[in-house]
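Heads up: the structure comes next, in structure tokens.
Residue numbers begin at 1 in each chain, while the letters A, B, ... track the order of the sequences.
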Amino acid sequence: AQSVTQLGSHVSVSEGALVLLRCNYSSSVPPYLFWYVQYPNQGLQLLLKYTSAATLVKGINGFEAEFKKSETSFHLTKPSAHMSDAAEYFCAVASGGYQKVTFGTGTKLQVIP
Amino acid sequence: NAGVTQTPKFQVLKTGQSMTLQCAQDMNHNSMYWYRQDPGMGLRLIYYSASEGTTDKGEVPNGYNVSRLNKREFSLRLESAAPSQTSVYFCASTSFEVEAFFGQGTRLTVV
């Protein structure tokens with residue numbers, strides 16, 4: 001079985017500060033890992049994905065995530081927060097092509113001016 | 001560039017009424033999903049369909065049925081709506097690399 005744990009349901013950062021959203025996964029096979037973002041009253045959209053290529057993955061809007069197998073982690077970072085980054089972020093895992101996707105419970109990011 | 005289209009966007013039902021949420025994707029994806037999203041609980045999988053002609057239960061299937069009508073369409077039916085089914089429902093489809101594409105959601109209220 002696969003699962004995802006997101007640490008912290010709410011994270012607040014100041015504008016310009018580092019953003020760090022934590023995700024740990026469990027998977028019996030090498031996983032596919034994803035971060036999605038959801039803005040208010042919208043569906044989810046893909047920020048970035050890891051599919052067993054480079055361990056440091058760059059996504060849209062300046063976000064990146066690093067796959068660390070030894071720590072079973074896939075934390076999302078951005079060097080400098082912008083007001084427009086305020087949203088809910090979801091980590092997700094799948095066990096390979098065409099396999100079911102499992103989502104974490106989400107982390108709401110607040111950016112303080 | 002339609003992607004995943006869900007209808008309706010909003011719906012209010014009385015307890016005991018039935019309804020079907022429609023979902024269609026134009027990306028030729030094999031897999032399709034129905035999730036519900038509730039505050040503090042993230043996305044919970046109701047049903048999914050790995051390919052045309054197959055459906056499987058997810059975490060919270062009780063009170064719901066699905067139909068994979070063809071490769072494009074995957075509908076979710078509430079036979080007898082209950083207030084506990086008040087939620088936002090999302091349909092999604094995935095490519096081989098399991099990147100999920102989501103619809104805009106259906107906000108359902110059961111009174």
Side-chain angles (χ1 to χ4, degrees), chain A residues 1-11 21-25 27 29-54 57 59-60 65 74 87-108, chain B residues 1-7 9-10 21 23 25 27-52 54-61 71 74 87-108:
Chain A
Q2 60 193 27
S3 65
V4 167
T5 302
Q6 289 185 242
L7 299 175
S9 58
H10 290 82
V11 170
L21 304 183
R22 299 177 187 274
C23 172
N24 288 90
Y25 71 90
S27 175
V29 298
Y32 287 31
L33 293 161
F34 309 84
W35 277 99
Y36 288 84
V37 61
Q38 184 182 33
Y39 298 102
N41 300 315
Q42 295 189 24
L44 281 71
Q45 61 185 83
L46 184 71
L47 266 182
L48 49 81
K49 63 182 178 183
Y50 167 79
T51 56
S52 76
V57 181
I60 61 172
F74 190 59
E88 190 160 17
Y89 293 80
F90 292 90
C91 185
V93 63
S95 299
Y98 290 133
Q99 299 304 305
K100 186 175 63 172
V101 183
T102 300
F103 285 83
T105 52
T107 299
K108 281 191 178 173
Chain B
N1 294 338
V4 178
T5 303
Q6 282 182 243
T7 55
K9 287 186 169 51
F10 300 92
L21 280 64
C23 176
Q25 52 93 7
M27 295 170 284
N28 201 36
H29 289 165
N30 283 335
S31 301
M32 296 185 74
Y33 306 74
W34 277 105
Y35 293 92
R36 60 178 289 175
Q37 184 177 26
D38 302 289
M41 305 191 77
L43 288 166
R44 292 184 292 169
L45 183 64
I46 305 171
Y47 272 93
Y48 73 105
S49 171
S51 62
E52 185 179 353
T54 68
T55 60
D56 288 285
K57 294 179 180 179
E59 300 171 65
V60 289
K71 193 170 186 179
F74 188 40
S87 187
V88 181
Y89 292 85
F90 287 100
C91 177
S93 67
T94 57
S95 62
F96 174 74
E97 288 202 328
V98 214
E99 176 181 342
F101 293 81
F102 284 82
Q104 289 298 297
T106 297
R107 194 170 295 271
L108 175 67

Could you look at [X] and say if it's the side chain, the backbone, both or neither that has a heavy atom under 4.5 Å from chain A?
X: B:Arg44; result: neither
X: B:Glu59; result: neither
X: B:Leu45; result: side chain
X: B:Phe101; result: neither

(message) Between A:Glu88 and chain B, with a heavy-atom cut-off of 4.5 Å, which part of the residue counts as in contact: side chain, backbone, both or neither?
(response)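 The side chain, not the backbone.
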(message) If I measure from the heavy atoms of chain B, does A:Gln6 come under 4.5 Å with its side chain, its backbone, both, or neither?
(response)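 Contact with chain B is absent: no heavy atom of A:Gln6 under 4.5 Å.
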(request) Could you pull out the closest heavy-atom pair between B:Glu99 and A:Tyr36, with the gap in Å? (result)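 Distance-wise, the nearest heavy atoms are C-OH, 3.8 Å.
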(message) Quick check on the interface: out of A:Ser9, A:Gly104, A:Gly106, A:Gly43, who has the most heavy-atom pairs with chain B under 4.5 Å?
(response)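 Heavy-atom pairs under 4.5 Å are most numerous for A:Gly43.
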(request) Quick one: which of A:Leu46, A:Asn41, A:Thr102, A:Leu44 has the most heavy-atom pairs under 4.5 Å with chain B, could you say? (result)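 Highest number of heavy-atom pairs under 4.5 Å: A:Leu44.
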(message) In the structure I gave you, are the side-chain heavy atoms of A:Phe90 and B:Gln37 within less than 4.5 Å of one another anywhere?
(response)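 A side-chain contact exists here, since the closest heavy-atom pair is under 4.5 Å.
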(message) Tell me if the NZ atom of A:Lys108 is crowded by more than 12 foreign heavy atoms within 6.0 Å.
(response)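 No.
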